[in-house]
2 protein chains.
Amino acid sequence: MTHPSDSRAYFFKIDTTIKKIRNVLQKRFNESGFDLTVDQWVLIDHVARNQGISQNTLAELTTKDAPTVTRILDLLVKKGLVERRMSEEDRRKFNIYLQPEGIKTFETVLPVVKEIRRQGWGSLNEEDYAHFVRIMDSIYQNFSEY
Amino acid sequence: MTHPSDSRAYFFKIDTTIKKIRNVLQKRFNESGFDLTVDQWVLIDHVARNQGISQNTLAELTTKDAPTVTRILDLLVKKGLVERRMSEEDRRKFNIYLQPEGIKTFETVLPVVKEIRRQGWGSLNEEDYAHFVRIMDSIYQNFSEY
DNA sequence: TGGCAAGCTTTAGCCTGCTAATAATTGTTT
DNA sequence: AAACAATTATTAGCAGGCTAAAGCTTGCCA
């Protein structure tokens with residue numbers, strides 16, 4: 001291999017790693033009795049930190065597309081974790097709020113997620129993190145034209 | 001942030017990066033008139049390099065699950081790119097082969113994929129690649145118990 | 001003011017990822 | 001040899017990612 005990019009390895013490695021992370025999260029959720037998918041958690045996490053956020057902004061922050069946000073919110077509403085309120089200023093928008101049950105879920109799940117994050121990072125250090133961020137951002141930027 | 005793992009940043013960054021890569025690949029496929037999804041390409045790539053491979057092995061190599069491999073192969077067979085042949089030694093297995101049309105597709109698409117790999121890696125160097133591999137493998141290993 | 005473009009959300013349709021269950025075949029064990 | 005376990009692939013069902021198109025609402029502009 002003359003240059004790293006000649007191998008499919010780096011696409012594959014990223015793909016494999018994120019799959020692993022998602023699997024571990026989901027399994028831990030299931031073991032813990034959380035009736036929640038990883039992506040449902042991602043939305044809850046963002047809503048908890050941005051009560052009243054619009055679906056649009058939610059989509060931007062999570063890099064999910066609008067239809068996906070709609071569907072995940074449908075499920076969360078059905079579970080009673082989240083509420084859509086018509087925006088006062090702009091009737092095209094919904095403001096999304098956690099219901100009491102959603103707040104409870106957030107507070108219950110967050111420590112578990114944090115623990116998994118720590119476990120995944122393991123003994124990697126600040127310098128590794130700097131490398132990681134620099135490399136991932138670089139790849140992203142190299143595709144910024146798209 | 002006292003420790004990198006306290007932030008959701010690294011899960012998110014990996015997720016965002018792989019999404020970006022997939023989007024770029026798919027758009028370039030579409031622009032180039034390839035009637036092919038990224039995951040269909042991944043299977044073609046592996047079959048091209050391992051003619052006669054079983055679906056099971058294909059699943060392992062691509063870290064896809066068996067049902068997904070079944071469905072993607074169904075599509076590739078329908079497109080006439082790939083062929084399932086019953087295994088002689090073990091009638092539970094299929095051996096997968098590229099059809100002439102599939103070989104043509106492989107040879108046409110490969111240069112485009114290579115170009116995108118190079119573009120994504122940009123001016124990152126061998127040392128960066130070593131960091132990248134070490135960090136991603138480390139994360140994966142930290143979850144190896146699962 | 002009336003019309004038209006732009007923005008927010010939803011719907012529909014396809015593809016992929018995951019689990020659980022099933023069918024068919026092979027391997028093992030007694 | 002017969003029963004049982006393991007392996008390979010498929011089917012079904014739910015969830016999420018993507019695009020395209022539609023319905024409302026808002027903003028702009030003539």
Side-chain angles (χ1 to χ4, degrees), chain A residues 15-31 34-44 52-60 62-79 82 84-96 146, chain B residues 15-31 34-44 52-60 62-79 82 84-96 146:
Chain A
D15 190 55
T16 301
T17 305
I18 193 63
K19 272 185 197 167
K20 180 60 135 184
I21 292 172
R22 299 179 72 90
N23 285 344
V24 170
L25 279 166
Q26 189 62 59
K27 276 182 186 156
R28 195 71 75 84
F29 282 9
N30 297 343
E31 286 167 11
F34 304 155
D35 174 25
L36 209 60
T37 68
V38 173
D39 295 289
Q40 287 163 16
W41 160 253
V42 170
L43 285 206
I44 286 180
I53 192 175
S54 74
Q55 298 192 188
N56 220 12
T57 311
L58 212 38
E60 280 176 21
T62 58
T63 63
K64 296 185 184 301
D65 47 291
T68 297
V69 170
T70 292
R71 276 178 307 191
I72 296 179
L73 286 179
D74 286 347
L75 293 173
L76 292 177
V77 168
K78 203 171 295 178
K79 290 181 183 177
V82 143
R84 278 185 177 103
R85 292 190 209 149
M86 177 88 79
S87 166
E88 299 293 337
E89 321 86 47
D90 187 340
R91 280 158 39 195
R92 292 170 302 187
K93 292 187 184 176
F94 287 115
N95 298 120
I96 310 299
Y146 286 87
Chain B
D15 190 55
T16 301
T17 304
I18 193 63
K19 274 186 195 166
K20 180 60 133 183
I21 291 172
R22 298 180 73 89
N23 285 344
V24 170
L25 279 166
Q26 190 63 60
K27 276 183 186 156
R28 194 72 75 84
F29 282 10
N30 297 343
E31 287 166 12
F34 305 155
D35 175 26
L36 209 61
T37 69
V38 172
D39 295 289
Q40 287 164 17
W41 161 252
V42 170
L43 285 206
I44 286 181
I53 192 174
S54 75
Q55 299 192 191
N56 220 12
T57 312
L58 212 36
E60 280 177 20
T62 58
T63 64
K64 296 185 183 303
D65 47 290
T68 297
V69 170
T70 292
R71 278 177 308 190
I72 295 179
L73 286 179
D74 286 347
L75 292 174
L76 292 177
V77 168
K78 203 172 296 176
K79 290 181 184 177
V82 144
R84 278 185 176 102
R85 292 191 209 147
M86 178 86 81
S87 166
E88 300 293 337
E89 320 86 47
D90 187 339
R91 279 158 41 196
R92 290 170 302 186
K93 291 187 186 178
F94 287 115
N95 298 120
I96 311 298
Y146 285 88

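Below, chains carry the letters A, B, ... as their sequence lines are ordered, and counting in each starts from 1. For the numbers below, each heavy atom of this structure counts, side chains included, while hydrogens, waters and symmetry mates do not.
Within 4.0 Å (heavy atoms only), Asp65(A) reaches at least one base atom of the nucleic acid. Nucleic acid contact for Thr37(A): sugar-phosphate only, since backbone atoms but no base atoms lie under 4.0 Å from a heavy atom of the residue.
Here dG17(D) presents its C1' atom at 14 Å from CD1 of Ile72(B), a figure rounded to the nearest Å. As a whole-Å value, the separation of Lys19(B) NZ from dT19(D) P is 12 Å. One atom, CD of Glu89(A), and another, C1' of dC24(D), lie 17 Å apart when rounded to the nearest Å. Counting to the nearest Å, the P atom of dG17(D) and the CD1 atom of Ile21(B) are 17 Å from each other. Spacing between atom CD1 of Ile18(A) and atom C1' of dC18(C) amounts to 16 Å, rounded to whole angstrom units. Straight-line distance from the CD atom of Glu60(B) to the P atom of dG17(C): 16 Å, rounded to whole Å. Distance Asn30(A) CG to dT19(C) P: 9 Å, rounded to the nearest Å. Across the protein-nucleic acid pair, Asn23(A) atom CG and dG17(C) atom C1' stand 9 Å apart, rounded to whole Å.
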Taking only N/O atoms, report every protein-nucleotides 8-10 of chain C pair under 3.5 Å with atom names and distance.
from    : atom 1 : to       : atom 2 : distance (Å)
dC8(C)  : OP2    : Asn56(A) : ND2    : 2.7
dC8(C)  : O5'    : Asn56(A) : ND2    : 3.4
dT9(C)  : OP1    : Gln55(A) : N      : 3.4
dT9(C)  : OP1    : Phe94(A) : N      : 3.1
dT9(C)  : OP2    : Asn56(A) : N      : 2.6
dT10(C) : OP1    : Arg84(A) : NE     : 3.3
dT10(C) : OP2    : Gln55(A) : OE1    : 3.2
dT10(C) : OP2    : Gln55(A) : NE2    : 2.6
dT10(C) : OP2    : Thr70(A) : OG1    : 2.7
dT10(C) : OP2    : Arg84(A) : NH2    : 3.4

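Taking only side-chain nitrogens and oxygens, Ser87(B) never comes nearer than 4.0 Å to OP1 or OP2 of dT8(D). Note on Gln40(B): a side-chain N or O is less than 4.0 Å away from OP1 or OP2 of dT16(C).
When atom types are taken as modelled, the side chain of Gln40(B) and the backbone of Leu76(B) share no donor-acceptor pair closer than 3.5 angstrom.
Of the N and O atoms on the side chains of Asn30(B) and Gln26(B), at least one donor lies less than 3.5 Å from an acceptor on the other residue. Asp65(A) and Thr68(A) share a donor-acceptor pair across their side chains, judged by distance under 3.5 Å alone.
Asp74(A) and Lys78(A) are not joined by a salt bridge, as no carboxylate oxygen comes within less than 4.0 angstrom of a charged side-chain nitrogen.
Here the side chains of Leu36(A) and Ile44(A) are in contact, with some heavy-atom distance below 4.5 Å. Side-chain contact between Arg22(A) and Asp39(A): present, with at least one pair of heavy atoms (C-beta onward) separated by less than 4.5 Å. A heavy-atom distance below 4.5 Å is not found between the side chains of Gln55(A) and Lys64(A).
In this structure, of dT19(D), dT19(C), dT25(C), it is dT19(C) that holds the atom nearest to the side chain of Lys27(A).
Comparing Glu88(A) and Arg22(A) against DNA chain D, the residue whose closest nucleotide sits nearer the 5' end is Arg22(A).
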